[in-house]
Student: 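Questions regarding the structure given below will be posed in turn.
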Amino acid sequence: GCQTSAKTGGFTSYDEHYQKNETALKEDALSDRWESRGSKVAVVSKEKADNNDYPEAKEVLLVNNTKNKVIVSQKVFDQAYPASTTKIMTAYVALKYGNLDDIVTASERATDFAEDEQVCGLQAGDQLSLRDLLNGLLLYSGNDCAVAIAEYVSGSVEAFVDKMNEEARNLGATGTHFVNPHGLQNEDHYTTAYDLYLMFNACLQNCRDDFADILYCESYIGIRSTVYDDLGAYQLLCIRRRCSAGRSQGDWREDRDNG
């Protein structure tokens with residue numbers, strides 16, 4: 001889900017969002033690029049942008065993606081902390097610029113997470129395909145997979161985050177700013193419900209087969225090589241969908257260690 005908190009100094013309404021981006025929006029509205037994009041996305045009207053029909057919720061957006069029609073919208077331009085929904089854009093950039101069959105070597109940085117932060121248990125020197133890492137990213141929300149992907153695509157986490165922000169702007173997600181590829185809390189890491197929709201929609205429009213194949217999986221088994229295996233043999237990488245299996249990080253690691 002999307003953990004929410006207003007960002008000081010950020011826009012909090014449709015009017016402020018429009019005023020901040022009025023020139024760019026008008027230019028886009030007159031361009032062929034916007035016309036072609038408009039046929040593929042749902043648009044939230046000014047009247048519905050600031051609805052408060054669901055007081056128990058903060059930001060709400062429900063879209064019929066077949067008809068590109070907004071069904072429910074509430075505070076869709078309010079800034080919020082995206083948490084692990086950040087990984088939608090991480091996957092989008094990886095699928096756009098990477099090769100699923102490329103082999104990626106996990107760095108020390110990819111293993112540098114606190115005990116209570118969600119990881120797939122990568123160890124420095126592990127070698128996995130980008131496909132393996134994307135399954136760990138999206139099915140198990142592995143923060144270590146996010147860092148490994150970032151370093152593979154752009155050479156560094158910082159360069160990858162710049163690419164995430166560039167791609168977000170290209171999609172029209174003007175209320176978004178990323179500082180990492182995994183979504184761990186940072187005051188300068190934020191988005192909006194509508195921007196998240198734009199990013200998710202872009203994955204479905206431009207990377208549909210690969211993106212959907214991962215989302216539809218209940219579990220995934222890949223192959224990794226590890227520097228800790230003296231025989232140089234390959235080990236199975238078993239990932240179960242975190243949201244449906246309800247298993248702890250320790251359970252996953254036990255599965256991994258037992259093959």
Student: Would you say the side-chain atoms of Tyr140 and Asn135 include a donor-acceptor pair closer than 3.5 Å?
Tutor: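 Looking only at side-chain atoms, Asn135 and Tyr140 do not form any donor-acceptor pair under 3.5 Å.
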Student: Taking atom CG of Asp144 and atom CG of Asp126, what is their separation to the nearest 0.5 Å?
Tutor: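 Those atoms lie 9.5 Å apart.
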Student: After noting the C-alpha distance and the side-chain angles of Phe77 and Thr174, does the key distance pass the side chain to side chain contact (heavy atoms under 4.5 Å, CB included) rule?
Tutor: CA-CA 10 Å; Phe77 297 122; Thr174 56; over 6 Å; no
Student: Could you tell me which non-hydrogen atom of Leu198 sits nearest to which non-hydrogen atom of Leu171, and how far apart they are?
Tutor: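 Answer, listing the atom of Leu198 first, then Leu171: CD1-O, 3.6 Å.
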Student: Working to the nearest 0.5 Å, report the span between OG1 of Thr111 and CG of Asn143.
Tutor: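 Answer rounded to 0.5 Å: 12.5 Å.
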Student: What about Phe178 and Tyr97, same hydrophobic cluster or not, with Ile/Leu/Val/Met/Phe/Trp/Tyr joined at side-chain heavy-atom distances under 4.5 Å?
Tutor: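 Yes, it is one cluster - the side chains of Phe178 and Tyr97 are joined through contacts under 4.5 Å.
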Student: Report yes if the side chains of Val63 and Asn68 come closer than 4.5 Å at any heavy-atom pair, otherwise no.
Tutor: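 A side-chain contact is absent here, since even the closest heavy-atom pair is not under 4.5 Å.
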Student: Same hydrophobic cluster for Leu100 and Phe160, using side-chain heavy-atom links shorter than 4.5 Å among ILVMFWY?
Tutor: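 Yes, one cluster joins them.
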Student: Any side-chain heavy-atom pair from Asn99 and Tyr152 closer than 4.5 angstrom?
Tutor: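 They are in contact (side-chain heavy atoms under 4.5 Å apart), so the answer is yes.
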Student: Would you say that Ile149 contacts Val104 through its side chain, given a criterion of any heavy-atom pair below 4.5 Å between the two side chains?
Tutor: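 Ile149 vs Val104: side chains apart.
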Student: Are Phe211 and Asp213 packed together at the side-chain level, in the sense that at least one heavy-atom pair is separated by less than 4.5 angstrom?
Tutor: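 A side-chain contact under 4.5 Å is absent here.
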Student: Do the charged groups of Glu166 and Lys163 touch, with an N to O distance under 4.0 Å?
Tutor: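 Yes, Glu166 and Lys163 are salt-bridged.
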Student: Any side-chain heavy atom of Asp188 within less than 4.5 Å of one from His177?
Tutor: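 Yes, their side chains come closer than 4.5 Å.
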Student: Can you tell me how far apart CG (Asp195) and CD (Gln79) are? Round to the nearest 0.5 Å.
Tutor: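 It is 9.0 Å, given to the nearest 0.5 Å.
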Student: Testing the basics here: between Met199 and Thr176, what is the closest heavy-atom pair and its distance to 0.1 Å?
Tutor: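 Heavy-atom minimum between the residues: CE-OG1, 3.8 Å.
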Student: Residues in side-chain contact (heavy atoms from CB on, under 4.5 Å) with Ala212, at least two apart?
Tutor: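 Expected list: Tyr216.
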Student: Roughly how far apart are Leu62 CG and Lys69 NZ, rounded to 0.5 Å?
Tutor: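 Going from CG on Leu62 over to NZ on Lys69, the span is 11.5 Å.
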Student: Can you name the closest pair of heavy atoms from Leu139 and Ile214 and give their distance?
Tutor: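 Of all heavy-atom pairs spanning Leu139 and Ile214, the closest is CD2-O, 3.2 Å.
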Student: With sequence neighbours excluded, tell me which residues meet side-chain hydrogen bond (donor to acceptor under 3.5 Å, both in side chains) with Asn64.
Tutor: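 So Asn64 forms no side-chain hydrogen bond (donor to acceptor under 3.5 Å, both in side chains) with any residue.
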Student: Please tabulate, one pair per line, all N/O donor-acceptor pairs under 3.5 Å involving side-chain atoms of residues 88-95, not counting sequence neighbours.
Tutor:
unit_1: Thr90; atom_1: OG1; unit_2: Pro181; atom_2: O; d: 2.5

Student: With heavy-atom distances below 4.5 Å as the criterion, would you say the side chains of Leu130 and Leu134 are in contact?
Tutor: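 Result yes, sub-4.5 Å side-chain heavy-atom pair found.
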Student: Evaluate His189 against Thr86 for side-chain hydrogen bond (donor to acceptor under 3.5 Å, both in side chains), listing each step before the verdict.
Tutor: CA-CA 9 Å; His189 189 93; Thr86 297; 2.8 Å; yes
Student: Kindly write out the residues that satisfy salt bridge (Lys or Arg N to Asp or Glu O under 4.0 Å) with Glu151, not counting sequence neighbours, or none if the list is empty.
Tutor: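 Salt bridge (Lys or Arg N to Asp or Glu O under 4.0 Å) list for Glu151, sorted by chain: empty.
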Student: Of all the heavy-atom pairs spanning Gly142 and Cys120, show the shortest one and how long it is.
Tutor: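 Where Gly142 meets Cys120 most closely, the heavy atoms are CA-SG, 4.0 Å.
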Student: For the CG atom of Leu122 and the CD atom of Glu108, what is their distance to the nearest 0.5 Å?
Tutor: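 Result: 12.0 Å between the selected atoms.
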Student: So which heavy atom on Asn180 is nearest to which on Met164, and how close?
Tutor: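 That closest heavy-atom pairing would be O-CE, 3.8 Å.
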Student: Crowded around Phe200 CZ? As in, over 12 foreign heavy atoms under 6.0 Å?
Tutor: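 For Phe200, atom CZ is not crowded (no more than 12 foreign heavy atoms under 6.0 Å).
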Student: Regarding Ser141 and Gln118, do their side chains bring together a donor and an acceptor under 3.5 Å, going by distance alone?
Tutor: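 Their side chains do not contain a donor-acceptor pair, so the 3.5 Å distance test is not met.
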Student: Please tell me if the side chains of Glu117 and Leu184 come closer than 4.5 Å, counting only heavy atoms from C-beta onward.
Tutor: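 Glu117 vs Leu184: side chains touch.
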Student: Is the side chain of Asn206 donor-acceptor paired with the backbone N or O of Ala202 at a distance under 3.5 Å, no angle test?
Tutor: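 Here the side-chain-to-backbone pair exists.
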Student: OG/Ser107 to CG/Asp112 distance, rounded to the nearest 0.5 angstrom?
Tutor: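 The distance works out to 9.5 Å.
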Student: Would you check, one step at a time, whether the test side-chain hydrogen bond (donor to acceptor under 3.5 Å, both in side chains) holds for Asn186 with Tyr81?
Tutor: CA-CA 8 Å; Asn186 187 296; Tyr81 297 132; over 6 Å; no
Student: Sequence neighbours left out, what pairs pass salt bridge (Lys or Arg N to Asp or Glu O under 4.0 Å) with at least one residue falling in residues 92-105?
Tutor: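 Of all non-adjacent pairs touching residues 92-105, those that pass salt bridge (Lys or Arg N to Asp or Glu O under 4.0 Å) are Lys96-Glu167, Asp101-Arg131.
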Student: Checking Arg109 now: which residues fulfil salt bridge (Lys or Arg N to Asp or Glu O under 4.0 Å) with it, not counting sequence neighbours?
Tutor: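 Salt bridge (Lys or Arg N to Asp or Glu O under 4.0 Å) check on Arg109 returns Glu158.
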Student: If you compare all heavy atoms of Leu133 against all heavy atoms of Cys145, which two are closest, and at what distance to 0.1 Å?
Tutor: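 Heavy atoms only, the tightest pair is O-CB, 3.5 Å.
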Student: Do Phe113 and His182 have side chains that get closer than 4.5 Å, going by heavy atoms?
Tutor: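 Of all side-chain heavy-atom pairs linking His182 with Phe113, at least one is under 4.5 Å.
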